Structure formats: structure tokens, C-alpha cells
Amino acid sequence: MASRMRTAPILFLAAALALTAVPANAQTETIELVLKIGAGEVLYYSMTLSSRETVEAGNQRSTREVQVNARETIRGLQVGPDGTMLLEYVFEDVRATSAGRTESRMTGPSHFKVRTDGRVSEQLIGDVGEDFPLPLPGRPVRAGESWTRQSREGNSQTIHTITLVAVERAGATPVARLRWRTETNISESQSVGTTQLRVRIAIRSTEDIDWAIERGRSLRRVEETTMEQSIETSGANVLCAGCGRTSRRTTTRHEVTSGPASAAPVSVDDLIMPGRAVGSVTLDLPRAAVDEKLGSATVLILPGTYRASSVQWPNGLLGYLDQNDETKILGLQVGSVRSLKTEKGISFGSSEGAVLLAYGMTPTRLDLPAPTGARVLIYNDLGIAFAITSTPEHAQSSGTHAPVGAVDWVTIFSPGGANKIYPLP
């Protein structure tokens with residue numbers, strides 16, 4: 001349920017629900033539209049986005065079509081006494097298809113606090129805009145009534161108009177039929193030497209939403225957006241050189257699903273087992289046996305203050321060794337290999353909220369000093385720790401790193417043995 005407070009909205013689409021009309025007098029009654037997502041609750045939506053973009057420049061014209069499929073996930077992490085919710089919002093299992101090629105993509109989560117009226121009160125990670133999942137009225141409304149919200153960011157001005165079209169029922173569930181119209185206009189001029197560049201962008205969007213009144217969340221959304229962009233250049237010796245126009249039409253559908261898509265069982269060779277092993281490499285093996293299995297390890301000097309020495313084998317597996325007896329392995333660590341997963345499906349790129357809901361909300365938290373830029377969630381009793389990327393600098397540093405708010409590496413160790421690796425108090 002991405003916000004449309006930004007100039008390039010993410011759009012959604014879904015299959016229809018069978019709705020039956022309620023008695024006419026219900027249409028004159030007022031209802032309250034509030035957001036309700038409990039602590040530990042997870043909402044899954046299937047999302048399909050189809051986009052067609054046409055670019056014209058002079059006599060040249062090109063068209064590009066893209067389809068994106070993903071699982072849109074909202075996790076309730078906390079709920080305060082006043083009902084304010086701490087939520088995680090993330091796209092998982094993202095697959096983009098263009099020109100006959102499909103690629104998997106990784107996105108970082110957003111963490112934010114939102115009131116029951118949908119107003120975002122604090123953004124912690126990422127950016128979802130001023131309202132989530134849409135501007136709710138904050139007061140009782142009746143069928144046919146509309147409310148508006150305006151926002152401005154730089155040279156962009158957006159007007160939102162939301163209308164309660166009707167109140168109907170899907171079986172025994174009362175459903176509010178909403179229509180959300182958005183108009184965004186952007187105009188910007190720049191001078192480069194004697195050349196003037198003027199850009200105009202107009203975005204028009206219409207979204208139909210089925211909102212479960214009692215449960216406080218959307219059931220399905222169908223959105224269509226059109227964008228027109230024109231670029232003009234002028235100057236003493238230039239008359240509209242490189243003039244161009246871009247047209248984009250995007251349709252997005254999403255609908256609630258009962259849970260995440262079932263994943264294929266993880267093979268023993270790809271299983272991260274807390275307190276025990278990574279694949280076939282177990283903590284009770286001496287270093288020499290792992291060298292024989294994987295090849296000779298290289299000594300590593302890791303940034304930060306660790307209480308164990310470290311080595312890395314040719315396949316990328318990292319080992320923590322007892323500084324008093326470097327034949328003993330204290331821990332094993334894996335990074336950017338998405339096929340390696342825990343029994344709960346957590347791997348490189350999984351969101352912080354997914355870790356917390358899978359393994360518990362109260363791990364020991366350790367912020368590693370710069371330049372690492374990661375926060376470690378340590379489950380000492382289980383024998384596993386998850387390093388979460390915490391700074392953009394770390395996400396963009398050399399090598400392959402997870403986005404901010406996602407798992408960058410996983411470490412296993414003997415239960416209770418975290419203090420032999422990490423500088424715990």
C-alpha cells in the first residue's frame with residue numbers, strides 16, 4: 001500500500017470480491033474508517049504492476065513494457081497505548097519482467113509509526129509519505145462524502161480527493177467502497193549556460209479500494225495512473241533541440257492473501273541451523289577438517305572489536321576461532337547468499353521485522369562501530385545472530401550488501417556463546 005505523496009507512486013491491483021448491497025438506510029449512516037494492525041500481525045498482499053512507457057524525441061519513438069510481481073507485506077511490530085502502530089512495510093519476492101527477461105530484485109523495508117487515522121507520525125527507515133495506506137478522514141463519514149488532502153514537495157504539488165462511494169457487504173463483512181483520485185503537477189526550469197531547460201510533469205491517478213470497516217485494512221486495490229512529461233530546450237542558438245515527451249500508463253492490482261507463498265523446502269546443504277551448523281559445516285568440526293572440506297582459509301581482520309579471530313574459506317563462509325586455541329570454531333557466518341536460509345525462512349535480504357516476528361522481539365542489540373554500519377540482533381539462547389544494515393553508506397559500500405533495514409549476514413554459535421564473539425557488556 002504505497003503512499004502517493006511522492007511524484008512516482010507505486011501502484012496496486014487485485015481480483016474482484018463479490019459484494020452485495022446493504023439496505024438503503026445504511027448508506028445514510030456515518031461510519032469510521034480507521035487503521036487497525038495488531039502487534040505481531042502480518043498482512044500479505046499479492047501485487048502485480050503493469051507499465052507501458054512511450055518516449056518521443058523528435059522523429060524517434062520507443063516503447064517499453066514492464067511487469068512487476070511481488071508480495072507486499074505489512075508487519076505490526078508494536079502498538080502503543082494510544083493505538084499508534086509501529087509498522088514495517090516491504091516488498092518481498094520481487095520479480096521484474098521486461099523485453100522477455102525476468103530478474104529478481106531486493107527492496108529495503110520502511111519502518112514508521114502511524115496513527116489510527118492513517119497519519120504517519122514518525123519515519124524511522126525508508127519513506128512512505130505523510131499517510132499510510134491512504135489519507136483517512138479522521139472523522140465519521142457517510143456514503144457520497146469526500147475529503148481532501150494537499151501536499152507540496154519542492155516544485156511538486158499534489159491534491160488527493162477520496163470519496164466513500166458506498167457501504168456494501170462481502171458475505172458478513174461490511175466493506176467501504178472508496179475512490180481515491182490524485183493530481184500531481186510538477187514544473188521546473190533550469191539554465192545551463194545560455195540554454196534554458198523546462199520540464200513539466202502531470203500525473204493523474206484513480207484508485208478503487210475495498211476497505212474492511214471492522215478489521216481496519218484494505219482487502220483489494222486497483223489503481224491506474226497516467227503520466228505525461230514534456231521537456232523543452234531553448235536558447236540563443238537553440239530552438240526546441242531535443243524536445244521530448246514521455247507518456248506512461250501504469251496499472252497496479254493487489255489483494256489480500258492468507259499468507260506468504262509456500263516456499264520450497266531448504267536442502268540440508270543450504271540450511272542455517274542455529275547453534276549447530278551452516279549446511280554440512282558444523283561447529284564441532286576442528287578447523288583442519290573444514291579446511292580439508294572447503295580448502296585452506298584466509299585470515300581476516302574485521303573492523304570493530306571482536307573477541308574472536310576470524311578466517312574465511314574459499315566459498316565465502318566465515319569462521320570465528322578461539323583466540324586461545326585456533327583449532328576450535330566458535331561461530332560460522334554467511335553473507336550474501338540468498339539460498340542459505342534458516343528453518344524459518346530468514347536469509348540475506350530478509351527484513352528486520354521478519355527476524356523479530358520469527359525469533360522474538362527482544363534480542364540483545366549491538367551497534368557495530370563505523371565503518372561497519374550494521375546493528376546485530378543477538379539471540380544468545382538460540383545460538384544465532386542477524387546483522388541488519390543500518391546506514392546507507394554500508395549498503396552502498398564495496399561488495400554485496402543488503403538494503404538498510406535488511407539482513408546483511410547471519411552468524412551461528414553455540415547457545416550462550418555470543419560473548420565469545422561479540423563485545424557484549
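Everything quoted here is computed from the prediction, not taken from an experiment.
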S.K.: From Asn185 CG over to Arg204 CZ, what is the distance, rounded to the nearest 0.5 angstrom?
M.R.: 4.5 Å
S.K.: May I ask you to test the Val404-His111 pair for a side-chain heavy-atom distance under 4.5 Å?
M.R.: no
S.K.: What's the verdict on ring pair (Phe, Tyr, Trp, His ring centres under 6.0 Å) for Tyr320 and Phe413, showing C-alpha distance, side-chain angles and the deciding distance?
M.R.: CA-CA 9 Å; Tyr320 290 103; Phe413 46 85; 9.3 Å; no
S.K.: Answer yes when Glu130 and Arg119 have at least one side-chain N-carboxylate O distance shorter than 4.0 Å, and no when they do not.
M.R.: yes
S.K.: I'd like to know whether Leu178 forms a side-chain contact (heavy atoms from CB on, under 4.5 Å) with Asp208, so could you lay out the CA-CA distance, the side-chain angles of the two residues, the decisive distance to 0.1 Å, and finally the verdict.
M.R.: CA-CA 6 Å; Leu178 305 175; Asp208 291 316; over 6 Å; no
S.K.: Indicate whether the side chain of Glu88 and that of Ser351 have a donor and an acceptor atom separated by less than 3.5 Å.
M.R.: yes
S.K.: Under 3.5 Å, side chain of Thr251 to main-chain N/O of Ser50, donor-acceptor pair present?
M.R.: no
S.K.: Quick one, Val120 and Glu122 - any side-chain contact, counting heavy atoms below 4.5 Å?
M.R.: no
S.K.: Checking Leu87 against Arg75 for the side-chain contact (heavy atoms from CB on, under 4.5 Å) test, could you report, in this order, the C-alpha distance in whole Å, the side-chain angles of both residues, the deciding distance, and whether it holds?
M.R.: CA-CA 6 Å; Leu87 302 182; Arg75 293 182 173 93; over 6 Å; no
S.K.: Could you tell me whether Asp117 and Arg115 have a side-chain N and a carboxylate O separated by less than 4.0 Å?
M.R.: yes
S.K.: Which heavy atom of Asn419 sits nearest a heavy atom of Arg307, and at what distance?
M.R.: O-CD, 3.1 Å
S.K.: Do Ser350 side-chain atoms and Ala354 backbone N/O form a donor-acceptor pair below 3.5 Å?
M.R.: no
S.K.: Rounded to the nearest 0.5 Å, how far apart are OG1 of Thr182 and CD1 of Ile203?
M.R.: 9.5 Å
S.K.: Could you go through the side chain to side chain donor-acceptor pair (under 3.5 Å) check for Thr97 and Gln67 one step at a time?
M.R.: CA-CA 5 Å; Thr97 301; Gln67 179 165 309; over 6 Å; no
S.K.: Any salt bridge linking Glu228 with Arg245? Criterion: basic side-chain nitrogen under 4.0 Å from a carboxylate oxygen.
M.R.: yes
S.K.: Taking Tyr45 for its side chain and Ser218 for its backbone only, find out whether a donor-acceptor pair lies under 3.5 Å.
M.R.: yes
S.K.: Quick one about Ser390 and His394 (side-chain donor to acceptor, distance below 3.5 Å, no hydrogens or angles considered), yes or no?
M.R.: no
S.K.: Are more than 12 heavy atoms, taken from residues, nucleotides or ligands other than Glu214, located less than 6.0 Å from that residue's CD atom?
M.R.: no
S.K.: Write down the atom of Pro403, the atom of Gly108, and the distance for their closest heavy-atom approach.
M.R.: CB-CA, 3.6 Å
S.K.: If you measure from CD1 on Ile412 to CG on Leu332, what distance do you get to the nearest 0.5 Å?
M.R.: 4.5 Å
S.K.: Kindly indicate whether the side chain of Thr158, heavy atoms from C-beta on, has any atom under 4.5 Å from the side chain of Glu183.
M.R.: no
S.K.: For residues Glu32 and Ile213, determine if any side-chain heavy atom of one lies less than 4.5 Å from a side-chain heavy atom of the other.
M.R.: no
S.K.: Side chains of Met227 and Thr246: closer than 4.5 Å at any heavy-atom pair?
M.R.: yes
S.K.: Can you tell me if Arg217 uses its side chain to pair, donor with acceptor, with the backbone of Lys36 under 3.5 Å?
M.R.: yes
S.K.: Would you call Arg142 and Glu29 a salt bridge, using N to O less than 4.0 angstrom?
M.R.: no
S.K.: Are Lys341 and Asp270 within salt-bridge range, i.e. N to O under 4.0 Å?
M.R.: no
S.K.: With no hydrogens and no angle check, is any side-chain donor or acceptor of Ser310 less than 3.5 Å from a backbone partner on Leu300?
M.R.: yes
S.K.: Let me see the working for Phe132 and Ile74 under side-chain contact (heavy atoms from CB on, under 4.5 Å), right down to the final yes or no.
M.R.: CA-CA 11 Å; Phe132 183 89; Ile74 304 170; 3.8 Å; yes
S.K.: Quick check on side-chain contact (heavy atoms from CB on, under 4.5 Å): which of Leu318, Val410, Asn315, Val281 does Val334 satisfy it with?
M.R.: Val410
S.K.: Which heavy atom of Lys344 sits nearest a heavy atom of Ala358, and at what distance?
M.R.: NZ-O, 2.8 Å
S.K.: Relative to each other, are the rings of Tyr359 and Phe386 parallel, tilted or perpendicular (30° and 60° limits)?
M.R.: tilted
S.K.: Do you know the tightest heavy-atom contact between Val68 and Ala96?
M.R.: CG2-CB, 4.2 Å
S.K.: Using modelled atom types and a 3.5 Å cut-off, is there a donor and acceptor pairing between side-chain atoms of Asp93 and backbone atoms of Ala70?
M.R.: no
S.K.: Indicate yes or no: at least one non-hydrogen side-chain atom of His160 is less than 4.5 angstrom from one of Ser151.
M.R.: yes
S.K.: Using every non-hydrogen atom in the two residues, find where Pro109 and Ile125 come nearest and quote the distance to one decimal.
M.R.: O-CG2, 3.4 Å
S.K.: Does some side-chain heavy atom of Leu317 sit less than 4.5 Å from a side-chain heavy atom of Val278?
M.R.: yes
S.K.: Out of Glu224, Glu65, Glu223, Glu53, which one pairs with Arg249 under the salt bridge (charged side-chain N to carboxylate O under 4.0 Å, His left out) rule?
M.R.: Glu224
S.K.: Tell me whether Gln123 contacts the main-chain N or O of Val128 through its side chain, where contact means a donor paired with an acceptor under 3.5 Å.
M.R.: yes
S.K.: Using the salt bridge (Lys or Arg N to Asp or Glu O under 4.0 Å) criterion, which residues pair with Glu352? Sequence neighbours excluded.
M.R.: Arg365, Arg375
S.K.: Does CZ in Arg139 sit with more than 12 non-hydrogen atoms of other residues, nucleotides or ligands closer than 6.0 Å?
M.R.: yes
S.K.: Set out, in order, the CA-CA distance, both residues' side-chain angles and the distance that settles side chain to side chain donor-acceptor pair (under 3.5 Å) for Thr225 and Ser205, then state yes or no.
M.R.: CA-CA 4 Å; Thr225 293; Ser205 181; 2.9 Å; yes
S.K.: Taking atom CZ as the centre, does Arg95 end up with more than 12 heavy-atom neighbours from other residues, nucleotides or ligands that are less than 6.0 angstrom away?
M.R.: yes
S.K.: Checking Trp409 against Phe348 for the side-chain contact (heavy atoms from CB on, under 4.5 Å) test, could you report, in this order, the C-alpha distance in whole Å, the side-chain angles of both residues, the deciding distance, and whether it holds?
M.R.: CA-CA 6 Å; Trp409 69 82; Phe348 172 78; over 6 Å; no
S.K.: Would you name the heavy atoms of Arg221 and Trp180 that are closest together and state the gap between them?
M.R.: NH2-CZ3, 3.3 Å
